[in-house]
Amino acid sequence: MYSRWVEIDLDSLRENFHSLQRCLGNATRIMAVVKSDAYGHGMVPAARCLADEGATAFGVAEVGEGVMLRREGIAVDIAVFLGAADDEVADVVKHNLQPVVFDTRQVAEINRVACKAGVRVGVHLKIDTGMGRIGILPREVPLLLSCLREAKNVYPAGVMSHCPLADGDDAGPSVLQNTLFAETVKSFDRMGGEKTALHIANSAALLRFPDMHWDMVRPGLSLYGCHPADHDWARKTVLKPVMSFKTRVLQVKEVPAGFGVSYGHTFVTSRNSLLAVLPVGYNDGYLRSLSNKAEVLVRGRRAPQRGRVCMNATVIDVTDIPGVVPGDEVTLMGRQQGEEITADELAGWMGTISYEVLCLFGNRNKRVYL
Ligand SMILES: *Cc1c(COP(=O)(O)O)cnc(C)c1O
């Protein structure tokens with residue numbers, strides 16, 4: 001029995017995959033984004049589950065993640081968003097991964113190694129249409145394309161871009177990006193026989209802009225059951241949270257009014273109180289910024305967190321919840337009876353986004369698969 005654990009509900013992951021698929025036309029494939037250990041859900045179990053449901057491509061951040069997927073028997077296309085450093089190209093070729101490329105030198109190096117191995121390697125050409133991060137500017141596309149044409153052992157498996165504002169209030173910048181993407185790829189004659197997939201949409205763009213689905217979409221967050229924004233365009237697609245975070249009550253104790261709780265006594269009781277200590281703290285991703293803000297679920301009710309969150313422990317007030325005893329299951333994130341604490345709610349308390357909450361909880365704790 002663990003002191004704290006995340007539960008991963010693979011049925012919800014399956015359902016989310018199919019809910020997203022229903023948003024798409026028949027010609028659009030899903031590239032399931034499983035980087036960072038599938039946002040804390042465990043890359044291999046998540047990818048296996050999604051491959052069984054019909055995912056025909058995966059997106060990872062690094063070559064090592066792609067290699068691990070291959071070793072686990074994932075046979076479909078795997079795109080590597082950060083591309084390949086020189087010393088990773090051998091693994092790209094050996095394991096048939098598809099790195100993102102954004103300079104001519106990379107293409108030449110991949111071509112050299114692929115040529116020696118007698119294979120052809122697919123790459124995803126990344127165009128920066130306004131992300132302001134990885135990718136080449138549209139005016140640099142002709143140069144990279146001519147380099148790709150020379151590189152006989154490299155073919156363009158995809159041309160992609162990314163939207164930094166698709167979840168924002170104003171749709172305008174994303175629509176403009178998509179227009180620029182459309183113009184940039186128009187000049188792009190499909191080379192090499194293999195079909196080149198055009199893709200630009202993350203979860204927000206997938207849910208919000210049907211015009212941006214192109215040949216493939218790249219959802220991450222929405223697969224894991226979180227909405228990329230709190231707008232109707234996002235909420236209209238039902239998504240189920242895949243991850244819950246749980247612990248158990250370690251100690252229950254009665255204290256008088258005027259009793260200081262935890263480091264710094266940032267909370268002092270105003271009445272006779274029943275406190276419960278939980279064996280979870282910032283080392284487990286339950287960040288110190290949650291201090292005196294968070295709530296948890298115990299016996300189906302919300303209990304407020306009190307005092308500073310410590311490295312391995314935190315305190316909740318259960319004065320108003322009858323019958324709490326050591327060993328009671330406590331839900332830090334997820335559902336308990338009719339109540340729910342969402343990743344978005346935790347993100348609000350922490351001053352961050354649901355993405356970071358999932359990575360924090362999921363990648364720092366034992367995972368239990370349902
Ligand atoms: C992480 C990532 C995604 C997935 O974004 P979500 O907002 O989680 O859907 C898509 N594309 C790229 C290039 C990414 O890095």
Side-chain angles (χ1 to χ4, degrees), residues 13 16-17 19-21 23-24 28-41 43 46-47 50 55-63 65-66 69 77-84 97-102 123-136 157-168 173-174 177-178 181 197-210 212-231 233-235 237 239-243 343-344 347 352-360 362-363:
L13 181 62
N16 295 337
F17 179 79
S19 298
L20 294 177
Q21 221 165 24
C23 301
L24 307 173
T28 303
R29 298 158 65 200
I30 292 181
M31 175 190 284
V33 177
V34 293
K35 66 192 181 197
S36 299
D37 236 334
Y39 296 34
H41 296 70
M43 178 181 69
L50 293 168
T56 53
F58 289 100
V60 296
E62 302 188 320
V63 169
E65 297 172 316
L69 286 180
D77 291 347
I78 299 175
V80 181
F81 293 155
L82 294 178
L97 306 177
Q98 299 182 335
V100 163
V101 294
F102 39 86
V123 296
H124 294 261
L125 172 53
K126 184 130 187 202
I127 305 171
D128 184 351
T129 57
M131 177 68 197
R133 199 178 61 181
I134 297 165
I136 57 168
V159 180
M160 67 188 287
S161 193
H162 195 45
C163 297
L165 301 168
D167 57 346
S174 304
Q177 267 191 283
N178 198 48
F181 185 65
L198 307 177
H199 49 106
I200 190 168
N202 58 359
S203 293
L206 185 170
L207 295 170
R208 188 178 192 177
F209 304 114
M212 298 192 192
H213 289 174
W214 294 93
D215 300 313
M216 197 150 69
V217 291
R218 305 188 305 265
L221 188 74
S222 51
L223 282 172
Y224 307 112
C226 292
H227 288 94
D230 193 15
H231 283 111
W233 57 258
R235 296 273 166 206
T237 302
L239 300 169
K240 291 193 175 171
V242 177
M243 183 192 296
D344 281 314
T352 182
I353 52 175
S354 55
Y355 296 77
E356 192 177 9
V357 172
L358 298 179
C359 289
L360 274 169
N363 286 331

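Each ligand, and each atom within it, is numbered from 1 in the order the structure gives.
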* Hey, is the main chain of Thr237 close enough, under 3.5 Å, to the side chain of His227 for a donor-acceptor pair? -> yes

* Is Ser222 reaching over with its side chain to a backbone N or O of Ser203, donor-acceptor style, under 3.5 angstrom? -> no

* Do Arg235 and Asp230 meet the salt-bridge criterion of a basic N to acidic O distance under 4.0 Å? -> yes

* Classify the side-chain pair Arg29/His199 by whether it contains a donor and acceptor separated by less than 3.5 Å. => no

List ligand 1's nitrogen or oxygen atoms that come under 3.5 Å of a protein nitrogen or oxygen, with the partner atom and distance.
unit_1   : atom_1 : unit_2 : atom_2 : d
ligand 1 : 7 (O)  : Tyr355 : OH     : 2.6
ligand 1 : 8 (O)  : Tyr39  : OH     : 2.6
ligand 1 : 8 (O)  : Leu221 : N      : 2.8
ligand 1 : 9 (O)  : Ser203 : N      : 2.8
ligand 1 : 9 (O)  : Ser203 : OG     : 2.5
ligand 1 : 9 (O)  : Gly220 : N      : 2.8
ligand 1 : 11 (N) : Arg218 : NE     : 2.8
ligand 1 : 11 (N) : Arg218 : NH2    : 3.4
ligand 1 : 15 (O) : Lys35  : NZ     : 2.7

* To do: Let me see the working for Thr28 and Trp214 under side-chain contact (heavy atoms from CB on, under 4.5 Å), right down to the final yes or no.
  => CA-CA 6 Å; Thr28 303; Trp214 294 93; over 6 Å; no

* Asked: Is the side chain of Glu65 donor-acceptor paired with the backbone N or O of Ser36 at a distance under 3.5 Å, no angle test?
  -> yes

